[in-house]
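Below is one structure, written out as structure tokens; comments come after it.
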Amino acid sequence: MQERYDPAAVEAQAQAFWTSERAFSVSEESDRPKFYSLCMFPYPSGRLHMGHVRNYTIGDVITRFMRMQGHNVLQPMGWDAFGLPAENAAIANGVPPAKWTYDNIAYMKGQLQSLGFALDWEREFATCQPAYYRWNQWMFLRMLERGIAYKKTGTVNWDPIDQTVLANEQVIDGRGWRTGALVEKREIPMYYLRITDYAPDLLQSLDQLPGWPERVRTMQANWIGRSEGVRLGFPYELQGEQQLLNVFTTRADTIMGVTFCAVAAEHPLATFAAASNPQLAAFIEECKRGSAMEADLAVMEKKGLATGLSVTHPLSGEQIPVWVGNYVLMTYGDGAVMGVPAHDERDYEFALKYGLPIKPVIRHAKGDEVPAPWQPEYGAHGVCINSGQLDGMDYQQAVEAVAAQLKARNLGDKQVHWRLRDWGISRQRYWGCPIPLIHCPQCGDVPVPDQDLPVVLPEGLTPDGSGNPLTKTQAFYECTCPKCGAAARRETDTMDTFVDSSWYFARFACPDNDDAMVDARADYWMPVDQYIGGIEHAILHLLYSRFWTRVMRDLGLLTVKEPFSNLLTQGMVLNDIYSRKGSDGRTQYFNPAEVEVQLDAKGTRVGKLVADGRPVEWEGMRTMSKSKNNGVDPAMLVEQYGADSVRLFMMFKSPPEDTLEWSDDGVEGAARFMRRLWRMVHEQVTGDAPAAGRVAAGALDQAALSSQQRDVRRAAHATVVKVTGDIGRRRVFNTAIAAVMELMNTLAKFDDSSAQGRAVRREAIELIVQMLAPIVPHACHVLWHALGHDDALMDHAWPVADPDALRQDNVEIVVQVNGKLRGRISIAADASDEQIRAAALADDGVSKWIEGKAVRKVIIVKGKLVSIVV
RNA sequence: GCCGGUGUGGCGGAACUGGUAGACGCGCCGGAUUCAAAAUCCGGUUCUGGCAACAGAGUGUGGGUUCGAUUCCCUCCACCGGCACCA
């Protein structure tokens, strides 16, 4: 074996072996249990970033570990290839999105291969290929047939200068990113998927996903947002007809405290009132300004204007004024709310601001009145007052009574309300999957017949920033009606890219099937046993995938309804941000690689740009991004240190779910570890060679081991237990690596060249190489052969600790006096409580703290500690 | 604003079920090796006092439960992710 560790040579050798063996191509024919390991597929943005490297290394470690544990492991890879950045690149460079995307894929694939991931490349596909997205279209048509897909109007961000729809990301401080124009809300027709039909099951089934992080399940549950309440109508007369203003409330017990109703600006009642009220019309216009983003709406100043209309209180018969409120969302419930200022903070502020009456109807902890300022107690549940028949009832009784009365009058009833909204999938954009519909002047919206699928997206177009080029491409939109044959217009909207990513995991089972979306192979591989991706996907992508999988199950396409059994949400990769304000007031960002950093006397970080020696400001650490110029190119690192060092650093730096702070020193440290590992094996192998003139490792004879040899052997086998649990059960890798490092430190101090000593050392080294194989597979592959093994390490069985090696005669127990550590005792592992107690009280360090005091209590925790209370 | 999370030495982190706070690594300091450097090896490294033994303090803030709290509960602060058209 080579004396010096040469990562480039080692990695080329290992990768060549894996490629020639087709080592990671798997099939369903196996007597091993299946394990489907999947990382969220990347958007081909240009180059791999460190977030990808982290994600795929975690997946690869699990993949290789499960394989060594005897599973038939599938780990595929593909490309989430439709999306906005390709259009932005087209606008900037004049290159068609298709070319840009395919070029990026080719480059990034090379990067992935250089990192040695155990991927089955024979299943690769990109979502922008017609062979894939035709099944999006096919599914959409099935959903249309079943009423799961439907059409309604929705709100979008509109740039009035470019005359184009903007993504939320393209709205910056309420203005269009290119034009700087104030963004407006606009209502346009769109297609929706009825995810709300699945809301109850999507919520309930969260309990059956123990392999998901608690926080993700909580976030999804809150997002779905089940609330029980009452939906009720406030009657009013409009142009001689009886109408109802419907609202939903979770506080029907406060119904007698209603002093106004508020409707959204888009509500029909507001539109009607505005027709004869110019001031109101102007206010509604004002409400339409600004973006459609919820975060923006939530921090807006709450404003309102009376419509001049009133509705009748359904129980008291009182006249209730109707207001338009900019904080009422048309998308939530019926787009109207009942205002109970005394017991709702938002209504309270609104009433104070506009001088509306505040009528307390609940007795709260501070009394019956609700003087300003607002107190949290006002919003609490309590006993009804000033509410006629409801007086004296508690929350539950009052809600029941109100619901019963409303029902009797046919004005309302109890209802379960969901926060979740249907999924709008229409995008007024080019680089996406065409929605397979044809608009016929006679027949209306006509689905494209199955035999005409796929509706192929023309790949040569280049967007220019002023809307969707498909709307200007006759060859695409001109068509004939499949029903009547008349000239018709093809739908030019494309699908949300979340559609593409909602079922790709099932397609990986059978990417070559041109006749069906999925086949029996999906039943073999699904569900995904381990899914890994960024925490930023905790809600949307994962919820849409759960929904889509349910629809596929209902159509008989899949047998499972939950796509991902176990989920690992990895944290972000951060790096320092350095900037300098230019004379024109613009901030310029410098890559940390170009900055020299020192600490001044106070320990504050001072950066200097290497190029000009002038200072730059440190802005803290944030996710690596182009805009902050703080990315690190994995390709350069692999070249400099080798893939194994990069992988090791990524896994060692932070636990997978936490953010990872980049540091150059850390990679250096990982490289140092690799050299140390290499040297350790090299020394063992050369030492064991007969020609070396040293005592070779003999056959390990447990009975012949000295106590120190036994200690080292115990440490090695305890490490196996630790590492197996950390990778297999806890899915934390930093502590697994730390445990191996500790074992290596132990071996470094173990100076024993006897035959048994060398045998103990060899056993430990072989265990180390096996345990590190999932993390640094190239080096371990080569080292395994160097240690004299013929088999490929990736298929070698994962080591199991020897129980005899783990056995321990004496244990150390710590002794606390009044909660403070005062001594340590070494005692037989099978000592009785009485013996432990006696030994603890007799300990020198302990006795001086209990002298002359009465021992009140002695608590013994077996094998760990004694706590004495005096 | 709402939902979820995080906060521990100079730094990243460890402590898995309420039981030894700081494993492991980085950085730094000292030493060995070397003509020298790189590389490598050995030792030290939470803070305060002390030559030391040792003592005290200490896990964002303030409080609580407990023999015992980084861990559980409440309050506040700071930061991060998401908020439905970035993916």
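These values consider heavy atoms only, across backbone and side chains, with no hydrogens, waters or symmetry-generated copies. Reminder, nothing fancy here: chain letters follow the sequence lines and each chain counts from 1.
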Under the side chain to side chain donor-acceptor pair (under 3.5 Å) test, residues paired with [X] that sit two or more places apart:
| X | result |
| --- | --- |
| A:Lys864 | none |
| A:Thr250 | none |
| A:Tyr531 | A:Tyr504, A:His541 |
| A:Lys152 | none |

Could you state the [atom1]-[atom2] distance from [X] to [N], rounded to the nearest angstrom?
| X | N | atom1 | atom2 | value |
| --- | --- | --- | --- | --- |
| A:Leu574 | B:G12 | CG | C1' | 12 Å |
| A:Leu543 | B:A84 | CG | C1' | 10 Å |
| A:Arg679 | B:U40 | CZ | P | 7 Å |
| A:Met300 | B:C2 | CE | C1' | 14 Å |
| A:Asp658 | B:G4 | CG | C1' | 15 Å |

Practice task
Could you check whether A:Val165 gets within reach of a base, just the sugar-phosphate, or nothing at all, counting any heavy atom under 4.0 Å?
Solution key: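 Touches a base.
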
Exercise for the section: Would you indicate what A:Met744 reaches in the nucleic acid, counting non-hydrogen atoms under 4.0 angstrom: base, sugar-phosphate, or nothing? Expected result: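 Here A:Met744 touches no strand at all.
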
Handout entry: Syn or anti conformation of B:G9, syn meaning chi within 90° of 0
Key =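 Syn, which is what one calls it when the glycosidic angle falls within 90° of 0.
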
Exercise for the section: Apply salt bridge (charged side-chain N to carboxylate O under 4.0 Å, His left out) to A:Arg824 and list each qualifying residue two or more places apart in sequence or on a separate chain. Expected result: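 A:Arg824 satisfies salt bridge (charged side-chain N to carboxylate O under 4.0 Å, His left out) with A:Glu812 once adjacent residues are dropped.
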
Problem - Salt bridge A:Glu851-A:Lys848, side-chain N to carboxylate O under 4.0 Å - result: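 Not counted as a salt bridge, because no side-chain N and carboxylate O are separated by less than 4.0 Å.
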
Exercise for the section: Test for a donor-acceptor pair under 3.5 Å between the base of B:C67 and the side chain of A:Arg856, counting only N and O atoms. Expected result: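 No, the side chain and the base share no sub-3.5 Å donor-acceptor pair.
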
Between the protein and nucleotides 63-66 of chain B, which nitrogen or oxygen pairs come in under 3.5 angstrom?
none

Problem - Distance between C1' atoms of B:A78 and B:C26 (Å, rounded) - result: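 Per the computed distance, 26 Å lies between those C1' atoms.
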
Practice task
In whole angstrom, give me the gap between the P atoms of B:A38 and B:C29.
Solution key: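 Result for the P pair: 13 Å, nearest Å.
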
Practice task
Decide if atom CD of A:Gln163 counts as having more than 12 heavy atoms of other residues, nucleotides or ligands within a radius under 6.0 Å.
Solution key: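 Yes, CD of A:Gln163 has more than 12 neighbouring heavy atoms, counting only those of other groups under 6.0 Å.
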
Tabulate protein N/O versus nucleotide N/O from nucleotides 74-83 of chain B, keeping only pairs under 3.5 Å, one per line.
from	atom 1	to	atom 2	distance (Å)
B:C80	OP1	A:Arg622	NH1	3.0
B:C80	OP1	A:Arg622	NH2	3.4

Problem - Pairwise side chain to side chain donor-acceptor pair (under 3.5 Å) hits with a residue in residues 730-741 of chain A, at least two apart - result: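 Only A:Gln530-A:Arg731, A:Asp726-A:Arg730, A:Asp726-A:Thr735 qualify under side chain to side chain donor-acceptor pair (under 3.5 Å).
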
Handout entry: For A:Trp423, ring-ring contact (aromatic ring centres under 6.0 Å, His included) partners two or more places apart
Key =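 Checked A:Trp423 against ring-ring contact (aromatic ring centres under 6.0 Å, His included); matches are A:Tyr544.
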
Completion exercise
RNA chain B in dot-bracket form (Watson-Crick or G-U pairs under 3.5 Å, [ ] crossing, | inter-strand) is (((((((..(((......[....)))((((((.......))))))((((....))))..(.(((..]....))).))))))))....

Exercise for the section: Go along nucleotides 24-34 of chain B 5' to 3' and tag each nucleotide: B for a protein heavy atom under 4.0 Å from its base, S when only backbone or sugar atoms are that close, - otherwise. Expected result: BSSS-------

Practice task
Check RNA chain B against residues 80-88 of chain A and give the residues with a non-hydrogen atom under 4.0 Å, in numerical order.
Solution key: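 Heavy-atom cutoff 4.0 Å gives A:Asp80, A:Gly83, A:Leu84.
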
